[in-house]
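These notes are about the structure you will find just below.
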Amino acid sequence: MGESKRLVKNTGIIAIGGLATKLVSFLLLPLYTTVLSTAEYGMVDYLQTIALFCVPIMSILMDEALFRFLIDCDTVEQRARVVTSSCAVLLVGCVIFALGAGIVWLLVHPANMGWIVVLVLSASFLQMASAFLRGFGDTVGYALMNFAASAITIVLNVVFIAVFRWGVTGMLSATSIAQFGSALVFLIWKRLWRYVDLSALDKNEVRELVRYSVPLIPNKVSWTIMNMLDRLIIMNTIGADAAGVYAVAYKFPNVMDQVYGFFYQSWKESSARILGSNEDNNSFYNAVYRALRRFMMGVVLGMTALMPFVYGVLVKGDYRDGLLYVPILLLATFYSNMSGFYGGIFTAYKDTGIMGTTTMLSAAICVALCFALIPPLGLYGASIATVASTFVVNEYRRLKVAKYATLIEDAREQVLTALCCMAVFTLYYINVYTGNLAALLGCLAIACSFFTVANRAVVVKFMAVVREKMDWHKNGR
């Protein structure tokens, strides 16, 4: 199977497994914003963000190493050596993290420390299970497991929040139970123990796994810092209510990020497998690059134009001001996603060191801008700091990736894209602040035109498939 077809197929499988539950979870936003106060929602987001920060440190990102090294395995013995060694490293990390958290609790008695430990352990367990399935090429199993985790989270959220009224405790309980339970069931189903053999534990393999994964930690931590720092400063300067508004505003860019995540999981595999095939990897990288860049910018502009129509429907209560920050955060997500594309090429060549250095630079910029902009500008300052820092890491990686791939840039296309983006954003804010309907319609027209023209090849193929299906049904009658 060609890598282009494999990429499309795997993306489709992962999307089918995740899209339905992501959509339902998003549509439940009115429930969350009605039942939970802004302070409660802000606290949930705050604790989950801290847990995300701790996961790569505790796990040493063994899931990334497990996935990448399993791709290169050809025999059962090689797989057993990789699985056993990676599980051993993760187990040591779990023990050290639990002991460290216990010591911190005894010395400082921080609130919600127990929840942070539970969230970190359950997330790490799910990530390792995901890496195991993907490394063995079981994309269907991976999609089903994550579908189960998401579906169980949604059901338990409804039960714990709407029925039992457990608030913050209910949301955190639902997440940890769903993640740990789903991973455990699928690992038993796939009989993971067949590849865990203490005699296969190899010091050299452990060294290679750690050498690959450790440079990824600064990358992951730095991304988390950029996602966490603005929330921490908001929480401690403006208050929990503002943190809740910002968290809800980020829900919409998160939808875009989650959809991109379906592609990214497949991209990391295809970008590595292409190196061992007879295909031209540079042509493959360029084809994916052009299509992804155009599609993701189309999504940014489309979601921005639609936001005045859907925000008020999905978001209730005191979260209205979040509408002001969504477009800026969507643009930040675009740069973050594109830098992830470059990252897939780096990891394919096992050059993980550059991942950390580029993201650490961006995190440092985010730190400086957050402290400088949030006090005078509030949530606008947090949004601007986020988009600026993601832009920097995107540009840095774009330049560095030239070592491995020559990605073709179209200057004319970039200028037209920038002009369309500025026009959509300008008309959007005119509508938000003045209620001008003509501005909103103009915003929507430009966004739709951009998406159609930029993605015309995809649109033409889609329409051809639709016509083919219609003709088939017509002839069938």
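Keep in mind that this is a model prediction, so the values were computed, not measured.
By the 30° and 60° cut-offs, the orientation of the rings of Tyr246 relative to Tyr325 is tilted. Using cut-offs of 30° and 60° for the angle between ring planes, the Phe164 and Trp166 rings count as tilted.
Under 4.0 Å is where a charged nitrogen must lie from a carboxylate oxygen, and between Glu413 and Arg294 at least one such pair does. Ion pairing of Glu269 with Arg273 is present here, as a side-chain N (NZ or NE/NH1/NH2) and a carboxylate O approach within less than 4.0 Å.
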Could you please spell out the steps behind the side-chain contact (heavy atoms from CB on, under 4.5 Å) verdict for Gln414 and Asp410?
-> CA-CA 6 Å; Gln414 290 179 330; Asp410 188 329; 5.7 Å; no

Residues Ser122, Gln179; criterion side chain to side chain donor-acceptor pair (under 3.5 Å); working and verdict | CA-CA 6 Å; Ser122 60; Gln179 290 181 339; 3.2 Å; yes

Is there a side-chain contact (heavy atoms from CB on, under 4.5 Å) between Arg134 and Thr139 once you walk through the steps?
-> CA-CA 6 Å; Arg134 289 170 52 228; Thr139 307; 6.0 Å; no

Just do the side-chain contact (heavy atoms from CB on, under 4.5 Å) check on Cys94 and Leu121 with the steps written out, would you?
-> CA-CA 7 Å; Cys94 290; Leu121 295 178; 3.9 Å; yes

Arg165/Val35 under side-chain contact (heavy atoms from CB on, under 4.5 Å): CA gap, chis, key distance, verdict | CA-CA 8 Å; Arg165 301 285 176 169; Val35 177; 3.4 Å; yes

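Here the closest heavy-atom approach between residue Ala101 and residue Val117 is recorded as CB-CG2, 3.5 Å. Of all non-hydrogen atoms in Gly167 and Ile161, the two that sit nearest each other are O-CG1, 4.2 Å. Nearest heavy atom pair, residue Asn286 against residue Thr406, reads ND2-O, 2.7 Å. Across every non-hydrogen atom of Val299 and Met256, the tightest pair is CG1-CG, 4.0 Å. The two residues Gly42 and Met235 come nearest to each other via the heavy atoms O-CE, 3.7 Å. Considering every non-hydrogen atom in both Ala123 and Val55, the closest pair reads CB-CG2, 4.0 Å.
The distance between the ring centers of Tyr285 and Tyr342 does not fall below 6.0 angstrom. The aromatic ring centres of Phe341 and Phe263 sit 6.0 Å or more apart. Taking the six-membered ring for Trp and the full ring otherwise, Trp189 and Phe186 have centroids separated by under 6.0 Å.
Ser271 places a side-chain N or O within donor-acceptor distance of the main-chain N or O of Lys268, the cut-off being under 3.5 Å. In this structure, the side chain of Ser213 does not engage the main chain of Ala65 through any donor-acceptor pair within 3.5 Å. With hydrogens and angles ignored, the 3.5 Å screen pairs a side-chain donor or acceptor of Asn455 with a backbone N or O of Phe451. Panel note: side chain Ser362, backbone Thr358; no donor-acceptor pair is recorded below 3.5 Å. A distance-only check finds no donor-acceptor pair linking the side chain of Ser389 to the backbone of Ala363 [under 3.5 Å]. Put simply, the side chain of Thr347 gets close to the backbone of Gly344: a donor and an acceptor are under 3.5 Å apart. When atom types are taken as modelled, the side chain of Ser336 and the backbone of Ala332 share no donor-acceptor pair closer than 3.5 angstrom.
For Met360, the CE atom is loosely surrounded, since the number of other residues' heavy atoms within 6.0 Å does not exceed 12. Within 6.0 Å of CG in Leu399 there are more than 12 heavy atoms belonging to other residues, nucleotides or ligands. Other residues, nucleotides and ligands place more than 12 heavy atoms under 6.0 Å from the CG atom of Leu106.
You'll find the side chain of Thr49 stays beyond 4.5 Å of the side chain of Leu47, heavy atoms only. At a threshold of 4.5 Å between non-hydrogen side-chain atoms, the residues Ile354 and Thr357 count as touching. In this structure, the side chains of Tyr289 and Arg398 come closer than 4.5 Å at one or more pairs of heavy atoms. Within the 4.5 Å cutoff, the side chain of Val206 has heavy atoms near those of the Leu201 side chain. Inter-residue side-chain proximity for Ser339 and Thr390 is flagged as unmet; no heavy-atom pair is nearer than 4.5 Å. A 4.5 Å side-chain heavy-atom check between Val326 and Thr304 finds every atom pair outside the cut-off. A 4.5 Å side-chain heavy-atom check between Ser86 and Met62 finds at least one atom pair inside the cut-off. The shortest side-chain heavy-atom distance between Arg194 and Arg191 falls under the 4.5 Å cut-off.
For the pairing with Phe136, the ring-ring contact (aromatic ring centres under 6.0 Å, His included) check across Tyr195, Phe67, Tyr142 returns one residue only, Tyr195.
Separating the CD1 atom in Ile116 from the SG atom in Cys54 is a distance of 6.5 Å, to the nearest 0.5 Å. Separation of atoms OH (Tyr264) and CG (Leu292) is listed at 11.5 Å; rounding is to 0.5 Å. We find the CG-CG distance between Leu133 and Leu144 to be 9.5 Å, quoted to the nearest 0.5 Å. Rounded to the nearest 0.5 angstrom, Phe334 CZ and Leu329 CG are separated by 15.5 Å. To the nearest 0.5 angstrom, Met43 atom CE is 13.5 Å from Met171 atom CE. We find the CE-CD1 distance between Met58 and Ile96 to be 10.5 Å, quoted to the nearest 0.5 Å.
Both tests pass for Lys350 against the ring of Phe69: distance under 6.0 Å to the centre and angle within 45° of the axis. Remark: Arg293 is not positioned above the aromatic ring of Phe295, lacking an NZ or CZ atom under 6.0 angstrom from the ring centre and at most 45 degrees off the axis.
Counted by atom type alone, Thr352 and Arg68 present zero donor-acceptor pairs between their side chains at under 3.5 Å.
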